There are 2 protein chains.
Amino acid sequence: MGTTQLETVPEPKYWHLRTVLSEALDSEFTVGEVLPNERELAARFGVARATLRQALEQLELEGRLHRRRGVGTTVAPPRVGVEVGPDGPAWPDASDDTWQPVDSDLSTPPAAVSTALALPRGIAVHTVRRSRVSHGHPVAAELLYVPESSVPGLHLPDAPSGPARARAVLRELQHLDLVAQNRSVELGSARADDAKQLDRLPGAPVLVVTTHFTTPTRLAALSVATYRADTCRLTFGATGGVEIEEGAA
Amino acid sequence: MGTTQLETVPEPKYWHLRTVLSEALDSEFTVGEVLPNERELAARFGVARATLRQALEQLELEGRLHRRRGVGTTVAPPRVGVEVGPDGPAWPDASDDTWQPVDSDLSTPPAAVSTALALPRGIAVHTVRRSRVSHGHPVAAELLYVPESSVPGLHLPDAPSGPARARAVLRELQHLDLVAQNRSVELGSARADDAKQLDRLPGAPVLVVTTHFTTPTRLAALSVATYRADTCRLTFGATGGVEIEEGAA
DNA sequence: TAGTGGTCTAGACCACTTG
DNA sequence: AAGTGGTCTAGACCACTAC
């Protein structure tokens with residue numbers, strides 16, 4: 001008697017919408033194609049714009065869509081795999097071309113960093129900012145915290161900040177004997193400065209990679225790298241294997 | 001004359017609210033404490049409930065809050081660090097106590113999995129479901145895809161599914177020569193079945209860990225593990241180092 | 001200037017947990 | 001039955017981009 005699925009589906013509208021849109025993206029759209037605007041999509045599906053936006057937010061979180069204010073919503077390319085974490089412990093390399101030194105100064109780190117480095121709160125450390133670019137787009141912003149005691153022989157250039165200073169600190173680190181490298185990954189939301197560097201709005205989802213660099217005696221440096229969660233797939237330890245490309249639908 | 005920051009702050013209300021609440025959580029609340037309900041909080045801050053919810057969603061994404069329908073909003077404990085990824089390549093262990101075999105059957109995997117395993121679409125593979133528990137709470141759900149050709153000597157128990165069948169497949173895997181193990185991490189949203197297993201709502205943010213198990217000749221198995229992004233911090237390769245505890249505010 | 005996505009409001013009702 | 005968070009609506013205005 002006209003019994004459809006309607007009564008047995010306690011599924012939220014936005015979730016159902018997400019599924020419908022996701023399938024449409026698979027079959028009827030190509031990468032880079034622009035979708036109809038939100039007001040039209042909402043009308044087409046017979047829902048409020050806020051509900052439609054909930055579905056779009058899900059798809060953006062999953063890396064399927066790319067939304068830009070003033071421009072529109074486009075179909076995102078598959079996430080780029082960025083290699084994070086070499087086979088063994090290794091210092092960040094000053095001549096590394098995946099990371100670009102941006103700036104550096106001597107400043108007091110957040111309390112959580114002081115704690116991790118076993119320093120009293122308020123003690124200044126060398127703070128190196130680096131930026132990672134892939135395929136022409138910024139994908140990560142890094143803050144590297146180095147206690148002064150880790151680089152006793154550091155000879156600074158004249159400038160109190162800038163890329164040259166950053167490279168000096170990175171070069172000096174190579175002298176230390178690195179024995180271990182603990183990494184962790186967690187979800188976070190971009191702070192205002194990271195967001196600007198990553199070309200996103202504050203609060204955008206990011207993958208935070210924290211790396212502890214330890215020498216035989218102690219924790220010598222701490223790196224906090226913030227990756228765009230919408231566009232990046234972090235890859236680890238390609239131990240002899242071949243990188244497998246996806247997106248071959 | 002009464003010039004405050006108001007006019008120079010194009011910062012969204014929900015973002016400012018997030019900051020204020022975050023600082024309040026640091027100084028005035030303890031883990032497990034329940035916050036006032038959303039309607040009261042919204043009234044207290046003079047914003048609409050939807051705006052207040054945007055701030056709470058951010059804090060939940062960052063693992064600071066725990067919200068449960070019908071119950072309330074509580075202050076979340078620090079994220080638990082879950083070790084994912086041993087030092088070298090290793091098969092999932094049947095007697096591993098961090099992972100618990102849940103179920104197993106022979107079924108056709110999603111198209112993306114077929115592609116990665118270099119199988120024609122529609123070919124059935126052994127699918128093993130496992131569940132990971134930490135501190136009494138479910139933290140991850142895993143789907144392990146094993147082509148029949150990878151376990152030719154598999155002797156199945158009578159039951160066509162169930163934990164016993166899962167263990168049989170896992171045991172048989174140990175016989176293969178594992179040479180590499182490629183891992184990647186990306187952000188995703190929980191599908192309905194994962195969400196139920198993780199005690200979350202559909203669409204909840206998760207960290208998806210994909211592992212490729214390769215033998216000398218080919219890709220022999222594929223694991224897709226879904227971790228709760230709100231409660232988990234994934235840790236990698238503790239190469240001789242000591243796990244550093246956080247939360248020592 | 002027109003069109004886009006981003007923010008915000010003030011309501012309503014629903015699903016769920018708890019007493 | 002009462003109280004909580006989750007969903008949804010129909011509007012308004014703002015910030016940004018591009019023409």
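So you know, we letter chains A, B, ... as the sequences are listed, proteins then strands, and number each from 1. Quantities reported herein were computed from a predicted structural model and do not represent experimental measurements.
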Of all the heavy-atom pairs spanning [X] and [Y], show the shortest one and how long it is.
X: A:Arg200; Y: A:Arg67; value: NH2-O, 4.2 Å
X: B:Ala76; Y: B:Gly63; value: CB-O, 3.4 Å
X: B:Thr51; Y: B:Tyr14; value: O-CB, 3.8 Å
X: B:Ala55; Y: B:Arg18; value: CB-N, 3.8 Å

Interatomic distance where [atom1] belongs to [X] and [atom2] belongs to [N] [whole Å]:
X: B:Glu60; N: D:dT4; atom1: CD; atom2: C1'; value: 14 Å
X: A:Leu52; N: C:dT4; atom1: CG; atom2: C1'; value: 14 Å
X: B:Leu56; N: C:dC8; atom1: CG; atom2: P; value: 14 Å
X: A:Lys13; N: D:dT7; atom1: NZ; atom2: C1'; value: 10 Å
X: B:Arg53; N: D:dG5; atom1: CZ; atom2: C1'; value: 6 Å
X: A:Gln54; N: C:dG6; atom1: CD; atom2: P; value: 14 Å
X: B:His66; N: D:dT4; atom1: NE2; atom2: C1'; value: 14 Å
X: A:Glu38; N: D:dC8; atom1: CD; atom2: C1'; value: 16 Å

Salt bridge present between A:Glu142 and A:Arg132 (N-O < 4.0 angstrom):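 Judged by the 4.0 Å cut-off on N to carboxylate O distance, A:Glu142 and A:Arg132 do not form a salt bridge.
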Salt bridge present between B:Asp194 and B:Arg129 (N-O < 4.0 angstrom):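 Looking at B:Arg129 together with B:Asp194, the answer is no, because their closest N to O distance does not fall below 4.0 Å.
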Less than 4.0 angstrom between a side-chain N/O of [X] and OP1 or OP2 of [N], yes or no?
X: B:Thr73; N: D:dT4; result: no
X: B:Tyr14; N: C:dT7; result: yes
X: B:Thr51; N: C:dT9; result: yes

field: Backbone of B:Thr30 reached by a side-chain donor or acceptor of B:Glu33 within 3.5 Å
entry: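 Answer holds: yes.
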field: Heavy-atom donor-acceptor pair, A:Arg228 side chain to A:Ala204 backbone, under 3.5 Å
entry: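 Absent.
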message: I'd like to know whether CG of A:Asp199 has more than 12 heavy-atom contacts from other residues, nucleotides or ligands below 6.0 angstrom.
response: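 Counting other residues, nucleotides and ligands, CG of A:Asp199 stays at 12 neighbours or fewer.
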- prompt: Does any residue of residues 198-208 of chain B have a heavy atom under 4.0 Å from DNA chain D, and if so, which ones, in number order?
  reply: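 Within residues 198-208 of chain B, the residues near DNA chain D are B:Leu201.
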- request: Tell me which nucleotide among D:dG5, D:dT9, C:dT7 gets nearest to the side chain of B:Asn37.
  value: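 Selected nucleotide: D:dG5.
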- prompt: Side chains of B:Asn182 and B:Thr211: does their closest heavy-atom pair fall under 4.5 Å?
  reply: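 When only atoms from C-beta onward are counted, B:Thr211 and B:Asn182 do not touch, as no gap falls below 4.5 Å.
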query: Is there side-chain contact between A:Pro109 and A:Thr127, with at least one heavy-atom pair below 4.5 Å?
result: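 In short, these two side chains do not touch, never coming nearer than 4.5 Å.
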End-to-end axis angle, where each axis spans five pairs of the helix from C:dT1-D:dA18 to C:dT18-D:dA1, to 10°: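 If I round to tens, the end axes sit 10° apart.
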Protein-nucleotides 12-19 of chain C N/O pairs under 3.5 Å:
| residue | atom | partner | partner atom | Å |
| --- | --- | --- | --- | --- |
| C:dA15 | O4' | B:Arg69 | NH1 | 3.3 |

message: Check the orientation of B:Tyr227 and B:Trp99. Use parallel for under 30°, tilted for 30 to 60°, and perpendicular for over 60°.
response: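 B:Tyr227 vs B:Trp99 ring planes: perpendicular.
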